[in-house]
There are 2 protein chains.
Amino acid sequence: MIQNAAIIPLLKDVARQEHQLQLTCDSCALYSLCLPLGLHRNDLETLDSIIKRSKPLARGQALYKMAESFDSLYVVRSGAFKTTLTAADGREQITGFYLPGDLIGMDAIHTGQYQASATALTSSSACGLPYDRLQDLSQAIPALQQQIYNRLSKELANDKQLLMALGQKTAMEKLVGFLMALSRRFEERGYAANRFQLPMSRIDIANHLGLAIETVSRLLTQLSNGGLIDCQGKMIALLDKPQLKILCN
Amino acid sequence: MIQNAAIIPLLKDVARQEHQLQLTCDSCALYSLCLPLGLHRNDLETLDSIIKRSKPLARGQALYKMAESFDSLYVVRSGAFKTTLTAADGREQITGFYLPGDLIGMDAIHTGQYQASATALTSSSACGLPYDRLQDLSQAIPALQQQIYNRLSKELANDKQLLMALGQKTAMEKLVGFLMALSRRFEERGYAANRFQLPMSRIDIANHLGLAIETVSRLLTQLSNGGLIDCQGKMIALLDKPQLKILCN
DNA sequence: CGGCATGTTGATGATCCTCAAGCTACGTGG
DNA sequence: CCACGTAGCTTGAGGATCATCAACATGCCG
């Protein structure tokens, strides 16, 4: 059941490639996942012209920090990011994990400053979209406006799903639901759905799901012992998806 | 400290007035809170022309139900609504409460169907905005597009704040934070900030915050005994806001 | 190779849930 | 207008889930 890592490219490897060279949207491997999807050739070139391709970020580096002044949205080009919200007393909540093609920073649009910090989980890169220019452009290009509405809406729906998990589900349901959702997202991006490397630490997973790190660790070994997953460090294989689906409803 | 109810109009009373007659946006008491804010006169009339003013809904009636086909966003005109997400196994999570001026249904934009059910908490009414027409209109009217981006973004930021509460905070912090946020929202709408009627039941509050009813009940009496609030049924007075602020950080 | 961050496993305990019983309030119908 | 029934709310006792504390193992990076 475990896919051969030599056959199925791992996210890490692909990320490394993507870092190398990236010139225009229409030559980008992410094109089909990314914002410009559906744009006409001319419009695409216009959008292309406003995009700032950022230099790669190392693990732990910030794409932006909470309370910094907001100017751009970012599309993840390679690697993975987390967004972290910090409360007045210092407690933190990871509000989301973002994979290539995902749009980050949308919660800042209505204010002048970023509402959370975005941090690279691995070596990663992202394309910056200056918001004022994006706004003008989306005014001129209906398909782009629609894309942006859709992205905002999708993120909303996602968050509400997460609210359900945090509010109503048990620790096991949260964790398995998280793994299944991650699997789906890898699959959408053309990676293996049943065997992948977790881009985030247990600490991050635990925080994101409102659990203690020890709980996550225990549940993972429990799943492993039950033969439902194979788990060696950050490498995860989902061995019995039907059963896992039952576990998270 | 408790405001006189005869001086400060209660939400309920205002709601009753709003129900009566409502012809155009520019004669609407909600104008300054609502979507058309900032639109020029001509644009406002155009927007006005696509709005479907719904008939009032009684407590418990649905504005729309989850999985119904999506066609309109709604602005709350009077009263209050909750949105409920139902899981496969029947468990429910209230993902939000909506007061006059709030926009409902945005999480459905990226799909063909509503992602949650919207239910009136009291006698309420809402204005329907057919999404396809709104989309066209926002293409033509920059200020409207901006408004919609802002609303979507604000809801996102809200949800992420709620994620923080559900993931990291104690029962007391959740509850007090909820009351304080509600107070702020009433204040923004011109109602009394320190004395108001809860539009939702304890059951709804508990569900929304991921708690048991009994916990909410106990904490409220605890706050009441401590003299921080005055609580008689759905009537709530916030007596010691500084202290309350400390309790929720 | 050494040091530190991360992860695992076990023992203990607190927060909050569940179950249970009774109370209050509200709306409906007699 | 009052009686009744139901839904919502309160309060108490007991218990489960999951957090905390602690010690140790692992693995990664310089």
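Note on naming: letters A, B, ... go to the chains in the order of the sequence lines (proteins, then strands), and numbering restarts at 1 for each one.
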Starting at atom CD of Gln197(A), determine the distance to atom P of dG27(D), rounded to an integer number of angstrom.
-> 13 Å

May I ask you to say what Gly210(A) touches in the nucleic acid, namely base, sugar-phosphate or nothing, with a heavy-atom cut-off under 4.0 Å?
-> sugar-phosphate

Gap between atoms CZ and C1', on Arg59(A) and dC4(C) respectively (whole Å) | 13 Å

Between Leu166(A) and Leu209(A) the two heavy atoms that sit nearest each other are CD2-O, 3.1 Å

Protein-nucleotide distance (Glu173(B), atom CD; dC16(C), atom P), rounded to Å | 9 Å

Give one of base, sugar-phosphate or nothing for Leu220(B), where a contact means two heavy atoms less than 4.0 Å apart.
-> nothing

Taking dG8(D), dC16(C), dG7(C) as options, the one with an atom nearest any side-chain atom of Thr215(B) is dC16(C)

Separation of dC17(C) atom C1' from Leu209(B) atom CG, nearest Å, is 15 Å

Under 4.0 angstrom between Thr221(B) side-chain N/O and dT11(D) OP1 or OP2 = yes

Looking at dT9(C), dT10(D), dT18(C), which one has an atom nearest to any side-chain atom of Ala212(B)?
-> dT18(C)

Is it true that Arg185(A) and Asp102(A) have a side-chain N and a carboxylate O under 4.0 angstrom from each other?
-> yes

N/O donor-acceptor pair, side chain Glu214(A) with base dC21(D), under 3.5 angstrom | yes

Check the distance between dT24(C)'s P and Ile213(B)'s CD1 and give it to me in whole angstrom.
-> 17 Å

Just how far, in rounded Å, is P of dG8(D) from CD1 of Ile205(B)?
-> 13 Å

Tell me what Lys234(B) touches on the nucleic acid: a base, only sugar-phosphate, or nothing, going by heavy atoms under 4.0 Å.
-> sugar-phosphate

Select base, sugar-phosphate, or nothing to describe what Ser201(B) touches, counting heavy atoms under 4.0 Å on all strands.
-> sugar-phosphate

Provide, to the nearest angstrom, the distance between the CD1 atom belonging to Ile203(B) and the C1' atom belonging to dC17(C).
-> 16 Å

CE of Met235(B) versus P of dC9(D): gap in Å, rounded?
-> 16 Å

Under 4.0 Å between a Lys/Arg side-chain N and an Asp/Glu carboxylate O for Lys160(B) and Glu155(A)?
-> yes

Under 3.5 Å donor-acceptor pair, Arg218(B) side-chain atoms to dT18(C) base atoms = yes

When only distance counts, do a donor and an acceptor, one from the side chain of Arg202(A) and one from the base of dT9(C), lie under 3.5 Å apart?
-> no

Could you check if a side-chain atom of Met200(A) sits within less than 4.5 angstrom of a side-chain atom of Lys234(A), using non-hydrogen atoms only?
-> no

Measure the shortest side-chain to side-chain distance between Ser183(B) and Tyr191(B) over non-hydrogen atoms and say whether it is less than 4.5 angstrom.
-> no

